[in-house]
Amino acid sequence: MRFRFTDEQLELRDAVRDLLANECPASVVRAAWEGDMSGPDKVWAGLCDMGVVGLMATEAHGGLGLSDLDLTLILTEVGRAAAPGPLVETAVVAVPLLEKIGGSVAETWVPRVAQGESRVAVGLPGESLVLDASGADLLLLWHGDALHAVDPAEVSITVETSVDRSRRGGRVAWEPGPQPLAVGEEGRRLLDAALERAALGTAAMLLGLGRHLLDVTVTYATDRHQFGVPIGSQQAIKHKLADVAVALAFAEPLVHRAAYSLARGPALVDESARETTAVHVSMAKAAAGDAAELAARHALQCHGAIGYSFEHDLHLWMKRVWALAAAYGDARMHRERIARAIL
Amino acid sequence: MRFRFTDEQLELRDAVRDLLANECPASVVRAAWEGDMSGPDKVWAGLCDMGVVGLMATEAHGGLGLSDLDLTLILTEVGRAAAPGPLVETAVVAVPLLEKIGGSVAETWVPRVAQGESRVAVGLPGESLVLDASGADLLLLWHGDALHAVDPAEVSITVETSVDRSRRGGRVAWEPGPQPLAVGEEGRRLLDAALERAALGTAAMLLGLGRHLLDVTVTYATDRHQFGVPIGSQQAIKHKLADVAVALAFAEPLVHRAAYSLARGPALVDESARETTAVHVSMAKAAAGDAAELAARHALQCHGAIGYSFEHDLHLWMKRVWALAAAYGDARMHRERIARAIL
Amino acid sequence: MDLEFTPVETEFRAEARAWLEANVPGEPLPSGDTREGFAAHLEWERRLFDAQWAVVSWPREYGGREATLFEWLIFEEEYYRAGAPSRVTQNGIFLLAPTVFEFGTQIQKDTLLPRMAAAEDLWCQGWSEPDAGSDLAGIKARATKVDGGWVLDGQKTWTTRGAFSTHLFGLFRSDPEAERHRGLTYFLVPLDADGVTVHGVDRLDGDEGFAEVFFDAAFVPDDAVLGGIGDGWKVAMSTTGSERGLTLRSPGRFIATATRLVDLWRRSGETAEPGLRDDLVRGWIDAQAYRLFTYATVSDMVATARPMGVESSLNKIFWSEMDVALHETALALLGADAELDAGSPHASDGGAWMKGYQFALAGPIYAGTNEIQRNVVAERVLGLPRK
Amino acid sequence: MDLEFTPVETEFRAEARAWLEANVPGEPLPSGDTREGFAAHLEWERRLFDAQWAVVSWPREYGGREATLFEWLIFEEEYYRAGAPSRVTQNGIFLLAPTVFEFGTQIQKDTLLPRMAAAEDLWCQGWSEPDAGSDLAGIKARATKVDGGWVLDGQKTWTTRGAFSTHLFGLFRSDPEAERHRGLTYFLVPLDADGVTVHGVDRLDGDEGFAEVFFDAAFVPDDAVLGGIGDGWKVAMSTTGSERGLTLRSPGRFIATATRLVDLWRRSGETAEPGLRDDLVRGWIDAQAYRLFTYATVSDMVATARPMGVESSLNKIFWSEMDVALHETALALLGADAELDAGSPHASDGGAWMKGYQFALAGPIYAGTNEIQRNVVAERVLGLPRK
């Protein structure tokens, strides 16, 4: 029993954090809102160079051959920086999906995606939009249980506007072709795995978003004076931020545990033998989503009017939280899924 | 439109408050825990003398011929004093029930109950115990839709122990006799009215319990010093008690509005035309129960260890809250009833 | 107690409903906190005024109907029920006007109120400064007495709709020696005066709803003072009381939101998680409770001829947190689609819930943060010791 | 990361489970916080000790098994899973013993620990005083140096199971000139010493679980001091850390509660309101999260050979509020029957949920109120400024 990351995993995380600290300040996120993707593209290239996008690809396809477990700390860093881009959909969902399908599809696309030469977009049922559908070289789309690789030339996209303008995407209209990549039971299994991975990857991002919101609010509450004292010396502020710290602290191990479960299977046998990987993922997404939403709510309240202005960066993180907490199943949907499993 | 009690109603309330301040200090409640009912009996006699027990009886039967609306402020005072005894079951449920049945049953029992010469116990479906079943001269019991007047000699009582030891009662085993007071549609209507009245009367009591808990906690937090200051000068304490004040303030008009609805019909036509008396009662019970439970929770937390001791009176009020918040439908049950009405 | 509306009240409601049904635009106007939306809202305001619905509770001479408090509540219920446009004049008619009625000279009343009612003058509030938010007594903007008037210097911020307004009411420090609440004076300032610069600031939701207003030796005449010189705090607090209390957030608003939420449930409820049902009913009950609390307060004010009291702080906490909760429930019902903003082809109700959520989040912050309000409730309602 | 238990750990779990299944009383013992219940619990403690399960993590020479931290967690999981009796020795073995291991002399260790493990000495905690609750530094009980020892005067209160214990560990002011945290010394006091009077106090739930302890010129010898003279605060804080953190509320306890709650749902769930389903899952997730948080903490402590850190305050807030929430959900499931107390013929699970609820309500109060803990998290974990 050792519920702790290895030093190598922590070092990779630190390297990603350094990259993002340099390449992805808030101004890059803000520029993406205005459609300037030069910053995010540079970040993406950096992540490709470090092997992050292809982290779960096999070494034969230019990847690192690592797992969800290795990726989870990195996703939290990406969330902390609010870096724009479909990293969950690409590195966590598409790459292992393509690897699982194998054959020429994997050989063609995985190396290019891992190196950042091609972009892939993924449409999962139930989501409000297909992220970065417009710039993709390949679309992975589901039609019932059937997974299709779709040529962007064959779809029409209705652009949707997310409250987080750095999330670009839309609804995709398309006709399923004659040769799906997977159907029936196999297609269903791939879809389930894709949904679990998308939820878990998003949960890991939410942790990082919540951490950032807590950190900047602590700084603001220390600096901002009212009534002759720092507002952060008042219990009302202290206790709100303590609640955020507690929520994040107890969401984190659920995310790490779910990552392990996806990578290696459930393990950790005990009293609660009702546990499955699906339950682990749902616990992680529910807890991380709630914790990040609490962080956003209290961050805004503690900032007051300045946090309510567009010029301040706070809303960039808050809106990402709102979008991601709702994506791939919100907290209630995941708790209901757990209820069906354990009750 | 005038959502305000009359001066007469307020004066009657004040008179009851004075009676209880004199006759029902905490020591009387505590004595009732030990089985000494001399204090509560004296309070009951006083309430009878003031016409409270027979308030809803017709004047012909020695009552005041008044309504739920007139009684609601009084019940809140009884709650504030945590006076033991089945006032809701007697004055709010049994008296109007017997009046509605009329005839010789009403003529026989209502005057004696109103004057305190006889005691009546009421068993409503779904409740955990028939309050004061053992000392009753008459039991009003339901069997399906049928209402029966039952002789205490013909029942066997299994005494139950409430967490609030001043609530004495048990389960009653009995055989329905051949002559129910009401059956079928009429019985059903009487039962519904009895349940609404029991819930609303209990909601009014909960308001008073909550007020008392808030008041004593404000006093304690003002007097108790830690770290060289009154604990009530700390925001953590202030904000908890402010939350209680808000919850009680907004539960109160719901209780008064439901009392009006029971006494005179729904009225107050507006956008929310889905409203019925049942919805009004459920709003009142849900809000008053939640507010009183919040008051109890924060009262204990603000008192700390001293409030956790048996010698301190706080628990007498808290346990009454726990019992009454669960009686005649807890907050969730009532909200679910509203959901069925409005969704 | 009498919960029947009188025949006069019922007639008033019917008249309001009929006019609103005939006149409220079929399509929602663009946001009143954007430039093009503001113009459309101004047009609407003038239509309201022409039909004598702009300021129903005011005297007829200033454009009102001398409506009772209950009639005003009824009008507001009908207004929100009809989905009528938000009032871009509200800072003037709901926050400044009560203060003018209480503290203004006859000349100020006659000059200011009709133009305000007709939306000819558009007022914004100048309370906050960069270092004076929750701690309003930290105001630094100065007023210096000169011959025939005053010279204003300093900065106001978070001024709602300041960029679209013509006038500002605000507090300035007229006695530089005095500290905290003392030595402040309440001024009425035309924004086109020399030395006044207005700089629009975008809000969280992207609308230019805020402004910073800079004063650089701006001259105003003596009659720009409302109330006594140095009495600014007392005068302002009367306005703040009404901001927190009855007038800013009328119950009709939340009854309408709760009703829309029930409609949303009916459209999406089958797929909703069962726990949301309980949340929805909580919010619905809260809206009813808020209405009834207001009715009880108004009944008491009418019966005892008293003004709004400390219940305004209880009120502010309650409505602002209810408003957030109602929108949270709506967004949870929308699930993944919640993120779709106004302008999204598939946004439910045109993205109104996400927009409304962002607006609701301001509630616990402005008009005195809820942390301050809880202090006020604890100290002034409950009597707990001050720090 | 490796979430498989090792063969040694699995074997340890199996051994514990087998012994507990064979030995845990079929009927629950009467409450250990009543006189007759305490005696029955003592018997159980001695059975645990005889089978070497009383203090699994201690050295063998003191009656332990030298279990690793993970084995200790496993033992606790099995202990609660088996529904074994609550530990009336816990204040000694979980709060005092870690301090003795850290600060005690060899003689103190050899004298105190075996008797504590065997439940021959029964220890209670003497922290609180009437005027020193949350503000522990307000301690007034005095220790005056005399020849060969100390004379103790003053009063301790809210001493859990004090009426049934044989010894008390507590803080006394040994330097009357020093203020607040300084000049305190940690003493070990036999309750049968001359001048010591113990007065039992009933708790909220009616059990005599509390005591007041009065010291009237009670003499203790020099070796009754644990740690250095005047170092009492530092020594006590090490104990307080473990009270808040790992040892007092082991995850197995809440996993067991959550499991019982799921069972209760299955028995009553069809009639339960739909919203309760979500509450139940929240509580269940929290229990899992608490276990995993503890596993992560222990993994880190093992890997870096560090002691428990500030996470103990995060821990205390989390478990105490989770415990209340789990019981609230259970009581809501019971509906009107929730009020039926232990001893009621129709009480569900023998009234255990109502009893447990009352016990849970103490959690946010003792071992440093959660208000204090939130200050600690804000200041020491987050670095927010002190008042």
Problem set entry | Spacing of CZ belonging to C:Arg277 relative to CZ belonging to B:Arg340, to within rounding of 0.5 Å | 7.5 Å
Problem set entry | When C:Ala378, C:Pro385, C:Gly252, C:Ala303 are compared by non-hydrogen pairs under 4.5 Å with chain B, the top option | C:Pro385
Seminar exercise, completed: Residues passing the ring pair (Phe, Tyr, Trp, His ring centres under 6.0 Å) test with B:His312, sequence neighbours excluded, are B:His303
Exercise. In terms of heavy-atom pairs under 4.5 Å with chain B, which of C:Ala258, C:Ala289, C:Ala287, C:Ala256 leads?
Worked result: C:Ala289
Exercise. Which residues in residues 330-337 of chain B have a heavy atom less than 4.5 Å from any heavy atom of chain C?
Worked result: B:Arg332, B:Arg335, B:Glu336
Exercise. Which region of C:Glu4, side chain (C-beta onward) or backbone (N, CA, C, O), has a non-hydrogen atom less than 4.5 Å from a non-hydrogen atom of chain B, or is it both or neither?
Worked result: both
Problem set entry | Residue pairs fulfilling salt bridge (Lys or Arg N to Asp or Glu O under 4.0 Å) with at least one residue in residues 295-306 of chain B, sequence neighbours excluded | B:Arg297-D:Glu328
Seminar exercise, completed: Between the CZ atom in B:Arg264 and the CG atom in C:Asp2, the distance rounded to the nearest 0.5 Å is 7.0 Å
Seminar exercise, completed: Output for pair (B:His280 NE2, C:Leu3 CG), nearest 0.5 Å, gives 9.0 Å
Problem set entry | Heavy-atom proximity to chain B below 4.5 Å, by part of C:Ile74 | neither
For this session: Locate the shortest heavy-atom distance separating B:Ala242 from C:Arg374; write the atom from each residue and the value.
Result: CB-O, 3.7 Å
Problem set entry | chain B contact via C:Glu371 - which portion, at a heavy-atom distance below 4.5 Å | both
Problem set entry | Side chain proximity check, B:Ile338 to C:Gln288, heavy atoms < 4.5 angstrom | no
Exercise. Who wins among C:Val381, C:Thr68, C:Asp300, C:Val302 for the most heavy-atom pairs under 4.5 Å with chain B?
Worked result: C:Asp300
Seminar exercise, completed: If one checks every heavy atom of B:Asp290 against chain C at 4.5 Å, the contacting part turns out to be side chain
Seminar exercise, completed: Scanning both residues in full, the closest heavy-atom pair of B:Ile342 with C:Val262 reads O-CG1, 3.6 Å
Seminar exercise, completed: Those residues of residues 221-238 of chain B that come under 4.5 Å of chain C on a heavy-atom basis, listed by number, are B:Ala221, B:Thr222, B:Pro230, B:Gly232, B:Ser233, B:Gln234, B:Gln235, B:Lys238
Problem set entry | Enclosure of C:Arg180 CZ (heavy-atom neighbours >12, cutoff 6.0 Å) | yes
Exercise. Just how far is it from atom CH2 of C:Trp284 to atom CE of B:Met283, taken to the nearest 0.5 Å?
Worked result: 5.0 Å
Exercise. If you count heavy-atom pairs under 4.5 Å between each of C:Asn370, C:Val377, C:Val281, C:Leu280 and chain B, which one has the most?
Worked result: C:Val281
Seminar exercise, completed: Cut-off 4.5 Å, heavy atoms of chain C, and the answer for B:Leu69 is side chain
For this session: Answer with side chain, backbone, both or neither: which region of C:Tyr295 has an atom nearer than 4.5 Å to a non-hydrogen atom of chain B?
Result: both
Problem set entry | Option passing side chain to side chain contact (heavy atoms under 4.5 Å, CB included) with B:Phe250 (candidates C:Leu314, C:Leu292, C:Asp286, C:Ile317) | C:Leu314
Problem set entry | Straight-line distance of C:Ile285 CD1 to B:Ser282 OG, nearest 0.5 Å | 8.0 Å
Seminar exercise, completed: Here the pair of heavy atoms bringing C:Met1 nearest to B:Tyr260 is O-CE1, 3.6 Å
For this session: Over all heavy atoms of both residues, which pair between B:Met1 and C:Thr6 is shortest? Give the atoms and the distance, please.
Result: N-CG2, 4.0 Å
